[in-house]
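This report concerns only the one structure given below.
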Amino acid sequence: MIQDIAPDFLRNEYEPCEPRPGDWIFWFRGKDVLVQKAAFEDEKCLTFPEYGETESNSISVQNRSERNRVDRKKMNQECKNPIVEDDFNGFLHRNCEGTEQLRILQGNLQYLFRMRDQACFLYQEPEGETKSECPEGWLFVPVRSLRFVDQKSACMAGATAYHLWQWYRDNRFCGRCSNMLMHGEKERMFFCPHCGNMVFPKIAPAVIVAVIDPEKEQIVMTKYADRAFKKYALIAGFTEIGETAEQTVEREVMEEVGLSVKNITYYKSQPWGFDSNLLMGFFAELSGSNLITREEKELSVAEWMPREQLADMDDGISLTREMMGEFYRCGNAVLSMPTDYQKFPY
């Protein structure tokens, strides 16, 4: 899955530092992320800006063909308008060696985390400035593109950076007294110097549920209604106030497909920064009738699918797809499967 990046590992403790040459810089605009155009179009790579040691504290991007290869064919199948050129505040500068550099002042960089020993920073655009046209050599591509890079550490770092970017973007003023928030010095949080309110990163817990009919060895497969993602998915939903994750499983299954479940078995969890989620995966056994009643506003498809039709579902990134693949490989044994997890190597 996206977090299975060994031997790399994400160090998410908040230990801010000064940027060093080679540190990754993440620049988001809406649902897009800035990458080098030549690497994306010619080498099928996602190459993020890196901090460069220059007199102007520019961001320097070197051409490295082996970095962050992306499956363009696969991406184009799932992304609408996969290449999006957009406006942004900045301009290209070429030094005497011809290296492309994006001029960004160090004061606009927010420390995020480390990928192993490499620091990652967020570029925050100055407010109130007119955005210029996208300069030659750069373009914004959908954040969804990160799902298709071969280097999982880049996918994990980009998704987590996007998660934090949304939090920084949405929390500038105190929701209690409307004064400007300030960033904490020792932890990743905002505080209001006026009323003392504290704001921490938003993490929305949600469940992924694979409903299994053990008698026929089949699984409930769904497709979302009115969403860009058109492939098969499992039943999913957010945990509501006052309920456990297991109660969320029962409620979401009943709401979306009208089925009752028992023997709810926890599988794994997954950070999903694209939507600020912590996903919890469960297998659940059908209890009673197998007649599906589809929630039409939520789902365009809800059907039983035999185990043998789930070959090649696992994409190596999402919890949903791994659970599909696990049922294909193990069948009904998933209802009594022990859980495992990746330990931090430090």
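Quick note: numbers below take in every heavy atom, side chains included, and nothing from hydrogens, waters or symmetry partners. Heads up: numbering here begins at 1 and tracks the sequence.
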Run the ring-centre check on H163 versus F113 and record whether the distance is less than 6.0 Å. no

Are I292 and M254 linked, directly or through other ILVMFWY residues, by side chains that come within less than 4.5 angstrom of each other? no

Do any N or O atoms from the side chain of E256 and from the backbone of L299 form a donor-acceptor pair under 3.5 angstrom? no

With sequence neighbours excluded, tell me which residues meet side chain to side chain donor-acceptor pair (under 3.5 Å) with Y232. E303

If you compare all heavy atoms of E185 against all heavy atoms of Y14, which two are closest, and at what distance to 0.1 Å? O-CE2, 4.0 Å

Could you tell me whether a side-chain N or O of D315 sits under 3.5 Å from a main-chain N or O of I317, the two making a donor and an acceptor? yes

Any side-chain heavy-atom pair of V301 and M221 under 4.5 Å: no

Nearest heavy-atom approach of F282 to A245 is CZ-CB, 3.8 Å

Do W27 and N108 come within less than 4.5 Å of each other through their side chains, counting heavy atoms only? no

In a check of side chain to side chain contact (heavy atoms under 4.5 Å, CB included) between F190 and each of F200, Y168, F173, which one passes? Y168

Any ring pair (Phe, Tyr, Trp, His ring centres under 6.0 Å) pairs touching residues 292-335, not counting sequence neighbours? none

Is it true that D170 and K202 make a salt bridge, defined as a side-chain N closer than 4.0 Å to a carboxylate O? no

Hydrophobic clustering (ILVMFWY, side-chain heavy atoms < 4.5 Å, transitive) - are L112 and M189 grouped together? no

E308, CD: over 12 other non-hydrogen atoms inside 6.0 angstrom: yes

Under the 3.5 angstrom rule, does the side chain of Q247 hit a backbone N or O of T244 as a donor-acceptor pair? yes

Ignoring hydrogens and geometry, is there a side-chain-to-backbone donor-acceptor pair from T293 to V257 under 3.5 Å? no

Given side chains that start at C-beta, do those of D23 and E50 come closer than 4.5 Å, heavy atoms only? no

Taking the six-membered ring for Trp, are the ring centroids of Y162 and W165 within less than 6.0 Å of each other? yes

Point-to-point distance, once rounded to the nearest 0.5 Å, from CG of D226 to CD of E298: 10.0 Å

Hey, are the side chains of M180 and M182 touching, using non-hydrogen atoms and a 4.5 Å cut-off? no

I'd like to know if the side chain of R188 and the backbone of N12 have a donor-acceptor N/O pair within less than 3.5 Å. yes

Taking all atoms of both residues into account, what is the closest heavy-atom pair of I2 and A159, and its distance? CD1-CB, 3.8 Å

Show your working on side-chain contact (heavy atoms from CB on, under 4.5 Å) between E250 and V261 and close with a plain yes or no. CA-CA 6 Å; E250 295 178 311; V261 293; 4.3 Å; yes

Keeping the roles fixed (side chain from R307, backbone from R329), state whether a donor-acceptor pair exists under 3.5 Å. yes

Anything under 30° is parallel, anything over 60° is perpendicular, the rest tilted; go ahead and classify F274 against W272. perpendicular

Residues P193 and F191: closest non-hydrogen pair is CD-O, 3.5 Å

